[in-house]
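For reference, the structure is listed below as structure tokens.
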Number of protein chains: 2
Amino acid sequence: MTQPTGPAAKQAVRHDAMRARNLALVLGEVAARGSLTRAALSEITGLTKTTVSKLVADLIEAGLVVEAGTVRAGERGRPGMEVRISGERVAAVGLEINVDYLSVRLVDLARSVRLRRTQAVDNRTARPVEVIAALRDLALGLVDEAVDIGLQVVGGVLAVPGPVDLATGVVHNAPNLGWREVPVPELLRLPFPVRVENEANLAALGELWFGSGPPDFLYVSGEIGIGAGLVVRGRLFRGARGFAGELGHVVVSPDGPPCRCGARGCLERYAGQDALLTATAAEDLTELVTLLEAGDPRALAACERAGRALGVALSSAVNLVDPDTIVLGGIFARLFPWLADTVTGMLAARLGQMRSAVPPLVVSQLGTEAAALGAAGQVIQQVIADPTASLPT
Amino acid sequence: MTQPTGPAAKQAVRHDAMRARNLALVLGEVAARGSLTRAALSEITGLTKTTVSKLVADLIEAGLVVEAGTVRAGERGRPGMEVRISGERVAAVGLEINVDYLSVRLVDLARSVRLRRTQAVDNRTARPVEVIAALRDLALGLVDEAVDIGLQVVGGVLAVPGPVDLATGVVHNAPNLGWREVPVPELLRLPFPVRVENEANLAALGELWFGSGPPDFLYVSGEIGIGAGLVVRGRLFRGARGFAGELGHVVVSPDGPPCRCGARGCLERYAGQDALLTATAAEDLTELVTLLEAGDPRALAACERAGRALGVALSSAVNLVDPDTIVLGGIFARLFPWLADTVTGMLAARLGQMRSAVPPLVVSQLGTEAAALGAAGQVIQQVIADPTASLPT
DNA sequence: GATATTTAGTCCACAACATAGACTAAATGG
DNA sequence: CCATTTAGTCTATGTTGTGGACTAAATATC
């Protein structure tokens, strides 16, 4: 018989764990609300003023928060001292390998993007070792600049367009890049710990942490392959082995065109970038957008067909995973003006009678930065969730 | 900016919470492993022997565990005293309303099914208040019998075939019963707290806690409507508003037969009970099974068509939610012999090239009891997760 | 300008719960 | 019967939060 408690429930709690949790609680509230006084923290967390004072003292000593000036809530009384996240000690690096660029971002603990570097390159024609060597150079340059501005990089996450084995970091298959079985961490070897994660999942987390929407949504990303990241109550849904979110292979029509996955009628064959470019004889996405702007009938028809297919696949997804909102990113962000009405119409037609609310369709606010920001945000999130790892011993 | 920590991370931890967590840890390990000595508990949990002794003393005083005799692990040394879950103090009631029966189960803390009562009745032709009144009578009888055997019912959960508003217990729409907007808890009014939950989700939990498979699977249930319960790492996935798992409205063919949900080509129209009975002119499921056993060509063709549709829909589900195993329950458990090869074949054809492992298809081990057992199991699970609620004050 | 009032934050004795080592208890091997 | 091994209890101590007393810093009122 399986015991259905999560891993967190299987740990004994001692005094040190209690303190770690309360430190994380205080730091998390400060991070969530921008700044708080000790008195406000006491009210919000339920801990006594004494306890909050001690916890804040530890966080100040660790350089994770700073006192930022006095503030008064009421008309009279002693003014409180604002405590804010310090953006001047620790930072995280978000990295991204996509089809036609490499990207790195430096994000501080206050979630400010301090540095941005992007390098245009055709990653589909380069060998994986070449791509990763170029990324390593870009990242090392960023780290040097971080040291120059006084920030210590405590970790990084790399976004790649394909499923990833989270334990080993091996990219089993990235169709957008033409990669199979690439042992990314062995090749990357940066002077801080780096994990590898699927790009759609990280973009979803980017929208969550750097966007402004609600904490329950399905993020749709796509180039050749189409992936989805699902966030429910602020947490990423990964599935049993971490390979959830393969929206590109959801069935649009069971006897439709053959797909490279071996099935037929997958979403990718209707709405993937290759499908769109082939239908319009466009060279690349920019040319496709130019045709659409010019009102080219073939381009408009291809978008209409892609929009209907997206609507069908997304209606299946909504029935299965019940998101609150659908966010279109990747190529679909650029094509949003020509897709939105068709997709929204199809969702309303297929979902509108049974469901009390059809999830609204919105465009990504972060554009091509979403994945790299989500990557860096994951490291920031870990520091906030476990501040004791950052305390001096 | 949304702060993405779960609810549990937002609670301060004090001494009482620390004790509660450690009590839950000890009780959970005893529940998971059948019986343990204090010394073994100390080794497994990492708490000292002193701490474990005190925690076990509290649990004994609460009647949640008992000492069950001496046992020795090695060749010499003082024998240890086995501590086991007590099945003789608290119990939970699982209730179920399905199309053609009402069912109640009494389950003790050791997860033994102590009492079973099922009443055959056509719930589709009866009014909701009549159905719920009959269920109330059945449940009150079970409670009387529980008292007779010395068990105290601490709570219950009711399984219904349709989406449920978890906060209010209102059943918005149960197509299998013909119900809409039924305020079940107001009508039921039993002498213990009762929550209402979707039947497919509870059946999935039943397979998890009373079956013997791995803790990551998609459970497929079906009568007229087809629902799915998804369990990942021992936890039920519900979606943003609790309305995930609507497998019956996943698209099989976008321009297929119109569905009562307003869409076209939903799985329900191919593999739902009505679709199967209409295709074979069978009166009910038993007659359909008789036809299948006799080799009736129309019945076999209907199952083949249903199996292919299930395979298509399940391949979309696997791509999106990545389960380890697929469990067929409901009518599909009875039809398993005539469905399995087609479904398995379709899954292999659609998933076998890209995914390193195609999820195996298995039949439910619990049959029609799965939902009621899952319901009772949820109450049992809550007692184990929060034993301080059961301690004398 | 002085005093009363309000609110923030610190101080310190105490409580709750886990730890750690000493000790007792219960068994078997030699 | 004694030595050894292992389980479980006892008791002083340590860690971390609490709660009330107290100080500090502000404004309103006189």
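Chain letters run A, B, ... following the sequence lines, proteins first and then strands; every chain starts at 1.
Comparing dA28(D), dG29(C), dA26(C) against the side chain of Pro79(B) picks out dA26(C) as the nearest. When distances run from any side-chain atom of Ser53(B) to the nucleotides dG17(D), dT5(D), dT9(D), the shortest one goes to dT9(D). Distances were taken from every side-chain heavy atom of Ala39(A) (C-beta onward) to each of dC17(C), dA8(C), dT18(D); the shortest belongs to dA8(C). Side chain of His15(A), nearest nucleotide from dA16(C), dT18(D), dA3(D): dA16(C).
Both Thr48(A) and Glu82(B) lie near DNA chain D, and the one whose nearest nucleotide falls closer to the 5' end is Glu82(B). Nearest-nucleotide mapping onto DNA chain D: of Arg72(A) and Thr51(A), the residue sitting toward the 5' end is Thr51(A). Heavy-atom distances to DNA chain C give each of Arg14(A) and Gly74(A) a nearest nucleotide, and the one nearer the 5′ end belongs to Gly74(A). Nearest-nucleotide assignment on DNA chain C puts the 5′-proximal partner with Lys54(B), out of Lys54(B) and Lys49(B).
Residue Asn22(A) has a polar side-chain atom (N or O) positioned under 4.0 Å from OP1 or OP2 of dG17(D). The phosphate of dT5(D) (OP1 or OP2) has no side-chain N or O of Arg78(B) nearer than 4.0 angstrom. Side-chain N/O atoms of Thr50(A) include none lying less than 4.0 angstrom from OP1 or OP2 on dT10(C). Residue Arg19(A) places none of its side-chain N or O atoms closer than 4.0 Å to OP1 or OP2 of dT15(D).
The distance between atom CZ of Arg38(B) and atom P of dC10(D), rounded to the nearest whole Å, is 11 Å. Distance, Arg21(B) CZ to dA18(C) C1': 15 Å, rounded to whole Å. At whole-Å resolution of the value, CE in Met18(A) and C1' in dG14(D) are 12 Å apart. Whole-Å rounding puts the Leu41(B) CG to dA7(D) P distance at 12 Å. For Met81(A) and dT7(C), the CE to C1' distance is 14 Å, given to the nearest whole Å. Across the protein-nucleic acid pair, Leu25(A) atom CG and dT16(D) atom C1' stand 15 Å apart, rounded to whole Å. The distance from atom CG of Asp16(A) to atom P of dT19(C) is 9 Å, rounded to the nearest whole Å. Distance, Glu67(A) CD to dA8(C) P: 15 Å, rounded to whole Å.
Atoms CZ and CG, from Arg195(A) and Leu202(A) in turn, are 8.5 Å apart once rounded to the nearest 0.5 Å.
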Derivation of the side-chain contact (heavy atoms from CB on, under 4.5 Å) call for Asp216(A) and Thr325(A)
CA-CA 7 Å; Asp216(A) 298 276; Thr325(A) 307; over 6 Å; no
Determine whether Arg114(A) and Glu88(A) satisfy the following criterion, salt bridge (Lys or Arg N to Asp or Glu O under 4.0 Å), listing intermediate values before the conclusion.
CA-CA 10 Å; Arg114(A) 303 294 287 268; Glu88(A) 303 307 319; 3.4 Å; yes
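Judged purely by distance below 3.5 Å, without hydrogens or angles, the side chains of Thr51(A) and Thr48(A) pair a donor atom with an acceptor atom.
Using a 4.0 Å cut-off between charged side-chain N and carboxylate O, Glu82(B) and Arg38(B) make no salt bridge.
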